[in-house]
Amino acid sequence: MSKSGVAYIVSAVTLIVAVWLGVSIGTVNIPIQTFWDSSDPKATNILWKIRMPRVVLAGLVGASLAIAGAAFQGLLKNPLADPYTLGVSSGASVGAVMTLFLGLSIPLLGSYTLPVFSMIGAALTMFLVLGFARLVDRAMKMETIILTGIIFGAFLGSILSLMIALTGDELRQVIGWLLGSVSMRGWQYTMMILPFVVIGSLLLWLNRRELNAMLFGEERAKHLGVNVKQRKFMILIGGSILTGSAVAVSGTIGFIGLVVPHMTRLMWGADHRHLLTLSFMNGASLLIICDLVARTIISPSELPVGVITAFIGAPVFAYIFYRQRRKGAM
Amino acid sequence: MLRVNNLSGGYGGKEIVKAISFDVAKGEILGILGPNGSGKSTLLKLITGILKPSTGTVEIDGQPISTYSPKAFARKVAVLPQLHAHAFSHSVRETIELGRYPHQSGLFSSWTKEDERAVQEAMESTAVTRYEQQPIELLSGGEQQRVFVAQAIAQQAPILLLDEPTNHLDIAHQQQLLDMIRKEAMEKELTVISVFHDINLAALYCDRLLLMEDGGVAKIGVPQDVVQEEVINTVYGARVKTQPHLVHPKPQVTLMTTHKEDERDAIITQKNFKVSGERVVLEAKVPLKTYSSAVHNAGFGWYQTFINRHVNQNYNARNVQQEMTSYLLENQFSLSTTVGMMTAAFTENVAIQTVKADFGTVIIAVTAGLGNAVDVAEVIKRQDDDVVGTVNTWIIVNGHLSDEAFIQAIVTATEAKAKAFQFEKVKDPIAHTIATETSTDSILVAATQQGENLPYAGLITPLGKSIAQGVYECTVEAIQMEKKRKVKRSIQ
């Protein structure tokens with residue numbers, strides 16, 4: 001069997017196991033037969049009304065962040081790029097918190113108001129970061145983009161703090177949301193982000209070959225016949241939709257978008273024809289597991305899942321950075 | 001195939017390429033040359049459409065490139081970039097597969113047999129098949145560049161553009177790469193336009209050259225017309241000489257330094273000669289430009305030590321070259337800086353003479369063995385024989401000779417030698433006529449290449465006269481000494 005065939009099977013099995021662990025473990029352990037045997041109404045209820053929506057939501061959020069990270073890294077030829085380091089997550093947060101803060105609800109959008117504002121925040125930040133980076137350095141070197149992301153992230157962070165300071169009553173809601181969590185969202189949230197996840201992922205997946213070409217630089221991609229301007233725009237929009245919707249339903253969950261594509265690339269190679277899909281699957285698995293840890297580790301209390309991902313992610317980030325520098329020095 | 005029409009353009013409103021026009025025919029290899037900053041790379045970027053021209057057009061098959069979609073353009077034109085570093089590593093195969101991008105269409109376009117065949121062929125013709133699954137970053141620079149050639153070949157475009165493709169490659173890889181591209185161009189009638197840094201490589205591999213100067217065309221034409229001393233010196237502001245390639249009918253340039261050897265040390269006198277029964281040795285302080293028919297290091301070259309070695313009348317080595325090499329090594333002469341001749345004549349009987357002239361001095365040294373004297377007019381009647389007998393003539397000039405002068409010096413010396421044979425009435429023992437030479441004569445002309453310029457060495461010039469007189473007198477003297485030795489021996 002080909003290497004990519006093995007990769008898909010391993011990733012799919014991991015995902016199924018993760019889902020199973022996610023729905024079965026908790027204060028009440030759910031036996032596997034609950035899936036087909038509904039004789040125990042309590043177990044069935046926990047499985048389908050509480051655990052399953054939470055696991056699916058965690059999966060969708062993890063998948064979105066991971067595939068967006070993979071695409072950003074490829075587009076910017078930069079292993080340290082992800083929605084988080086580029087400030088896009090912060091932009092999405094500002095959009096979302098602003099909705100909460102101002103109590104906005106656009107009639108036409110209804111419950112979609114928050115995710116839509118979140119996505120607009122994400123897209124705006126993306127373009128501002130890249131625009132500013134280009135202004136500073138026409139070659140858009142890796143360091144420039146990362147630094148610009150940090151600058152914008154810090155600035156947006158201060159806006160967030162400002163809004164939180166002014167919030168008063170709503171403080172707990174905003175803070176809890178910001179720390180990142182997929183708990184108690186129910187099917188409604190899951191269904192809400194599904195179309196965005198599908199559209200965003202599709203936009204990226206349609207550019208899998210273009211991303212491969214762009215790894216050799218925009219000029220080279222152009223030589224190979226890629227319509228660089230159009231494709232780049234598609235990828236940035238796709239990434240922003242995914243980041244925005246993920247942040248909208250779960251707050252800021254860092255490091256998934258950085259770590260998952262990187263691990264996937266180390267194991268299965270940098271070919272985006274497979275990398276995007278595999279990152280999607282592995283991102284889902286990882287966040288489901290992280291969420292499982294978050295809600296069981298200090299049971300009956302729960303940790304925000306963002307705490308777990310950062311706890312695992314930061315050392316991994318450090319390791320990647322170390323490897324990258326060492327490779328550069330050799 | 002490709003027509004560039006009054007093309008101008010550059011970065012940020014600053015015109016770097018100015019009103020350039022040229023045509024490239026199908027199957028032709030055009031090299032773009034020019035000093036740094038003359039606009040070579042910018043011109044290539046305008047042709048590939050990376051930069052938009054401010055005026056003028058680039059047409060492919062009669063259509064302006066602006067009318068091609070990115071994919072359609074990539075089906076017409078493949079580009080081989082300079083070597084770059086990459087952030088992530090693709091495998092060799094994945095990299096080459098990207099060359100098929102412009103041939104794929106639709107959202108879910110699958111890999112066709114045609115795609116697979118193109119990739120296989122490209123891998124085979126660039127000999128990268130065995131690295132197929134390796135990550136590209138683990139390959140050497142030369143191998144990486146071959147992978148990108150394969151990518152461009154897989155693209156199957158009739159036009160190939162290259163931007164200094166041999167940058168950062170060692171000479172073996174440069175040769176390999178350009179041979180490969182030339183072969184592709186010949187076999188598939190590929191049209192190639194390449195920017196070159198190296199004038200010699202460009203002259204060697206291109207059908208035509210375009211020399212750029214300050215954004216415009218300084219000269220365009222076949223390499224012989226473009227690679228000319230005055231043209232290169234003016235455009236590049238360098239000091240070069242041109243000469244034909246040793247094997248191919250193409251011009252090559254040689255860079256000249258401004259550094260000069262110490263002229264006092266350079267002058268050769270008779271004191272530089274050491275004569276013994278075994279050999280005559282001339283040791284120069286600096287290398288002399290030498291043109292000779294010696295056994296070791298014949299032809300043109302720069303040499304410092306000159307040996308005329310005595311061998312026995314019965315000397316019979318199967319491989320003379322090899323025997324000479326081992327002789328030089330045994331006697332601790334440097335193989336690279338020594339010219340070696342041999343003679344059956346007795347080397348202590350060498351005739352050495354210094355001829356003074358206006359420009360300086362010429363030193364002549366002649367050894368004469370007469371065992372095989374022959375009349376040039378009668379030689380056709382002879383059977384080959386193994387008799388050793390040699391007149392070895394050395395002409396050492398303290399002056400600067402042109403290539404013509406080297407040849408004329410040899411002509412003059414040969415005539416003087418014939419005249420000396422006549423004067424001494426040396427007989428061709430078979431034809432019974434007066435001989436003109438012996439059948440294995442050797443000659444060497446060496447010059448310090450310092451002091452006065454001596455463009456000619458015909459008999460009308462002082463140099464020609466000095467050589468004629470010196471060679472004639474020395475040859476007579478050497479023949480007389482040889483005769484005396486024979487007489488002496490027969491008495492004994």
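In this text the structure is predicted, and so the values were computed from the model without any measurement. Sequence lines set the chain letters: A, B, ... in the order given, protein chains first and strands last, and positions in each chain run from 1.
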Exercise. Verify whether one side chain among Q73(A) and R265(A) offers a donor that lies under 3.5 Å from an acceptor in the other.
Key: yes
Quiz item: Which value, rounded to the nearest 0.5 Å, describes the distance between L178(B) atom CG and H173(B) atom NE2?
Solution: 12.5 Å
Exercise. Find the one option among L161(B), T48(B), I50(B) whose heavy-atom pairs under 4.5 Å with chain A are most numerous.
Key: I50(B)
Quiz item: Which word best sums up how the rings of Y8(A) and H274(A) line up, parallel for under 30°, tilted for 30 to 60°, or perpendicular for over 60°?
Solution: perpendicular
Exercise. Drop me the distance from T126(B)'s OG1 to L177(B)'s CG, to the nearest 0.5 angstrom.
Key: 10.0 Å
Self-check item: Toward chain A, the part of E97(B) with a non-hydrogen atom under 4.5 Å
Solution: side chain
Quiz item: Is E116(B) paired with R100(B) through a side-chain N to carboxylate O contact shorter than 4.0 Å?
Solution: no
Quiz item: Of the backbone (N, CA, C, O) and the side chain (C-beta and beyond), which part of V228(A) lies under 4.5 Å from a heavy atom of chain B, both, or neither?
Solution: neither
Practice problem: Output the option from E210(A), R273(A), R220(A), K222(A) having the highest count of non-hydrogen pairs under 4.5 Å with chain B. | Solution: R220(A)
Exercise. Report the option among K45(B), Q133(B), E94(B) that has the most heavy-atom pairs separated by less than 4.5 Å from atoms of chain A.
Key: E94(B)
Quiz item: If you count heavy-atom pairs under 4.5 Å between each of G49(B), P70(B), A74(B) and chain A, which one has the most?
Solution: P70(B)
